[in-house]
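Only one structure is covered here, and it is reproduced in the block below.
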Amino acid sequence: MNYFVNENIFSMNSGTEFSAAQRLRLFKDHDVPAKILTRNYNPLLIDDLKRVKLTQSDVLNMYDYFQEATFVEPRDIDIRYTEVIDKFDYHIVGVDANESQIVHHGKVVGKALVAPATVGLVGSLEYYNDMNATVAKDVWDRRGFKSSTQYFHPDGQLGPQIFYNPEGAPKLEIVRMNVNGTLMNTMYQLLDYKGRAWRFNSESELFVFFMNELMLKHPGVLINDRPSLISEVAAVVGARGKWQFLHSAHTYKPEQAGGLRNYVDYLQPLFATHMNDFDGVMVPTVEQKQEIYKFFHFKHVVVVPDSYAEPHKLVPAEKRDRNKIVYLGRVSPEKEPQEAVKIFAKAKKDLPDLHLEFYGYSSDQSLDNSLKELIKKLEIEDAVHFNGYQNNDQLAKKLGDAAAVLSTSSSEAFGMNVLQAMSFGVPVIGYQVKYGMKLVVKEGISGYLVPNGESQQGAKALVKLLTDKDKWVDMLESTYESSQKFNAAAAWQQWQAQQAVPNVFLK
């Protein structure tokens with residue numbers, strides 16, 4: 001079995017989660033056993049899986065495992081019909097589409113919250129004391145059972161939390177205490193696992209125990225996708241192989257010629273502490289592999305795909321908005337979205353009808369504020385729109401009619417967002433940075449790359465692309481064809497090529 005280790009499948013996933021989900025589908029398509037392992041408690045997991053085209057059998061969550069809920073036939077439980085609330089003694093009074101009050105003899109004694117993205121289905125039930133303070137909250141798993149109860153102290157701080165199996169038996173408890181003025185999780189306790197109680201000081205210790213239990217029952221290869229979990233994966237015993245996938249550049253200054261010996265702080269556990277606890281690292285490009293080998297002594301560094309291009313039916317040129325420029329991906333400092341705004345503003349002076357559409361969630365409020373200030377300063381407020389996170393179906397519509405995509409990150413290990421846009425026939429205007437951009441984008445065929453930070457040259461390239469209509473029309477097709485050189489078949493060939501490396505993955 002191959003296990004892809006991650007924190008969670010989120011409602012708003014980053015490229016890391018999409019990479020793992022794509023990899024899982026690729027393995028399944030070739031009858032290679034694989035699962036994603038997740039650590040975080042997520043009562044909405046069943047809905048989040050649907051958004052990335054996965055099922056319960058594809059993902060094994062730690063809390064589900066200890067709650068004996070790895071597979072539960074989903075049921076929709078309507079707030080008004082749940083047996084938890086006795087309708088003879090209590091009334092349910094709707095407040096809005098998201099919540100209802102629970103009333104007993106004219107007094108509000110609790111609140112029912114609707115599960116996100118549903119109509120009237122129970123998400124959680126809160127219970128009040130005589131002072132109208134919340135004393136407990138029952139959290140419902142979207143598959144239709146009470147999953148946990150969170151208790152609260154009189155001052156409103158979190159108390160212990162109990163987790164149940166689908167039959168209602170308590171299986172796990174989190175104990176919280178105030179330590180030097182800070183509320184902390186001080187103990188994780190399995191209440192009835194293998195006939196006894198087990199105690200752990202942290203969620204990390206529990207996660208290591210969880211993975212060790214899996215290795216005892218079904219030994220396999222662990223491929224860790226999250227740098228935050230390096231120490232936990234390093235501590236696992238009994239795995240057939242342990243690998244760290246690097247989805248980003250490993251150094252602060254990837255543009256340094258020949259590479260550097262330094263590494264970003266969050267990779268310190270891998271490069272400085274646990275290098276020998278892993279069979280090696282996985283990277284998306286040969287160039288990054290060569291630079292890592294030059295300065296660091298991992299057992300192995302292998303090149304495997306971070307993503308692959310899905311096939312799509314191209315929207316013809318005449319049905320596209322030739323003024324629509326897109327920015328695709330997380331709005332965060334390392335992605336340098338302000339550079340995309342600068343390129344756009346300069347190009348708009350020559351092409352005044354252009355508009356820039358951002359598709360992706362924001363991870364930095366201060367960056368949001370500075371972006372808005374920059375947009376205001378450049379007097380392009382009416383032409384720039386932030387559309388937030390989009391799921392795959394929404395993106396298909398948004399990207400299908402676009403004219404070009406801007407990519408201005410300071411580095412890209414591969415460029416999943418760029419490849420995704422290209423798979424809809426959207427040419428790329430971007431900065432020529434390590435590592436993947438030079439591999440994915442071919443000059444004059446699928447776009448134009450300019451030196452990093454040269455927004456004036458980026459604007460000229462964008463204007464050049466859009467003012468030569470015949471070239472732009474031809475490039476829509478050639479961009480799509482370029483993307484398909486990185487399709488699923490090509491991705492699987494890369495994985496197959498690594499079979500000579502011991503324990504890289506198990507068939």
Side-chain angles (χ1 to χ4, degrees), residues 1-14 16-78 82 114-119 121-124 138-148 162-172 190 192-193 203 206-207 209-226 229 391-393 505-506:
M1 179 63 73
N2 300 281
Y3 299 100
F4 309 148
V5 184
N6 225 306
E7 294 172 346
N8 198 3
I9 301 296
F10 298 94
S11 298
M12 294 190 294
N13 291 294
S14 69
T16 298
E17 289 77 38
F18 279 118
S19 175
Q22 267 201 329
R23 187 190 315 137
L24 184 68
R25 292 194 294 270
L26 185 68
F27 276 43
K28 286 176 62 179
D29 287 345
H30 292 86
D31 298 319
V32 176
K35 286 183 182 290
I36 296 176
L37 301 185
T38 62
R39 179 198 62 191
N40 295 10
Y41 175 59
N42 184 358
L44 304 176
L45 182 60
I46 189 70
D47 289 339
D48 294 334
L49 290 176
K50 291 177 183 177
R51 280 186 276 271
V52 290
K53 300 178 182 178
L54 298 179
T55 67
Q56 288 188 70
S57 61
D58 294 326
V59 175
L60 187 55
N61 171 260
M62 177 180 74
Y63 285 85
D64 281 351
Y65 181 81
F66 291 123
Q67 289 179 253
E68 301 169 352
T70 55
F71 184 86
V72 177
E73 195 67 43
R75 297 186 302 147
D76 285 343
I77 306 296
D78 193 285
T82 175
V114 176
T118 72
V119 178
L121 302 184
V122 62
S124 61
D138 288 338
V139 177
W140 284 65
D141 189 285
R142 267 289 289 119
R143 291 170 293 178
F145 66 94
K146 186 174 76 169
S147 176
S148 75
I162 308 294
F163 300 83
Y164 311 99
N165 68 9
E167 288 72 42
K171 289 295 175 179
L172 189 152
L190 298 178
D192 181 19
Y193 180 70
E203 190 177 41
L206 179 61
F207 192 49
F209 178 76
F210 163 64
M211 290 188 286
N212 281 338
E213 290 292 281
L214 291 182
M215 294 306 101
L216 284 173
K217 295 179 180 178
H218 305 289
V221 170
L222 297 174
I223 298 175
N224 182 34
D225 284 296
R226 275 289 171 189
L229 299 175
N391 62 35
N392 282 339
D393 291 338
F505 74 98
L506 296 177

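When reading the values below, keep in mind they use all heavy atoms of this one structure, side chains included, and skip hydrogens, waters and symmetry mates. Here, residue 1 is the first one in the sequence, and each next residue gets the next number.
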Next on the checklist: Please determine whether side-chain hydrogen bond (donor to acceptor under 3.5 Å, both in side chains) holds for the pair Ser14 and Glu17, giving the CA-CA distance in whole Å, both sets of side-chain angles, and the decisive distance to 0.1 Å.
Outcome noted: CA-CA 6 Å; Ser14 69; Glu17 289 77 38; 2.7 Å; yes
Next on the checklist: Run Glu203 and Tyr63 through side chain to side chain contact (heavy atoms under 4.5 Å, CB included) and show every step you take.
Outcome noted: CA-CA 10 Å; Glu203 190 177 41; Tyr63 285 85; 2.7 Å; yes
Checklist entry - Checking side chain to side chain contact (heavy atoms under 4.5 Å, CB included) for the pair Arg226/Val5: CA distance, chi angles, key distance, verdict? => result CA-CA 7 Å; Arg226 275 289 171 189; Val5 184; over 6 Å; no
Next on the checklist: Please determine whether side chain to side chain contact (heavy atoms under 4.5 Å, CB included) holds for the pair Met1 and Leu214, giving the CA-CA distance in whole Å, both sets of side-chain angles, and the decisive distance to 0.1 Å.
Outcome noted: CA-CA 10 Å; Met1 179 63 73; Leu214 291 182; over 6 Å; no
Next on the checklist: Quick one, Asn13 with Arg51, criterion side chain to side chain contact (heavy atoms under 4.5 Å, CB included). Give me CA distance, side-chain angles, the key distance, then yes/no.
Outcome noted: CA-CA 10 Å; Asn13 291 294; Arg51 280 186 276 271; 5.7 Å; no
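Checking each of Leu172, Val139, Ile162 against Ser148 for a side chain to side chain contact (heavy atoms under 4.5 Å, CB included) leaves exactly one that passes, namely Val139. Here the rule is side-chain hydrogen bond (donor to acceptor under 3.5 Å, both in side chains) with Asp58, and of Lys35, Lys28, Arg25 only Lys28 fits it. A side-chain hydrogen bond (donor to acceptor under 3.5 Å, both in side chains) with Thr38 is found for one member of Asp64, Asn61, Asn6 and no other, namely Asn61.
Tyr41 approaches Ser147 most closely through the heavy-atom pair OH-OG, 2.8 Å. Scanning all heavy atoms of the two residues, the minimum distance from Pro116 to Leu44 falls at CG-CD1, 3.8 Å. The minimum heavy-atom distance between Asn42 and Asn8, with the atom names listed, is ND2-OD1, 3.2 Å. In this structure, Gln67 and Tyr164 approach most closely via the heavy-atom pair NE2-O, 2.7 Å.
Judged purely by atom type and a 3.5 angstrom limit, Arg75 uses its side chain to pair as donor or acceptor with the backbone of Gly144. When atom types are taken as modelled, the side chain of Asp141 and the backbone of Phe145 share no donor-acceptor pair closer than 3.5 angstrom. For the pair Arg143 (side chain) and Pro166 (backbone), a donor-acceptor distance under 3.5 Å is absent. With hydrogens and angles disregarded, a donor-acceptor distance shorter than 3.5 Å links the side chain of Asn2 to the backbone of Pro33.
Atom NE2 of His218 is surrounded by 12 or fewer heavy atoms from other residues, nucleotides or ligands within 6.0 Å.
The aromatic rings of Tyr193 and Phe66 sit perpendicular, their planes meeting at an angle over 60°, well past the 30° parallel limit.
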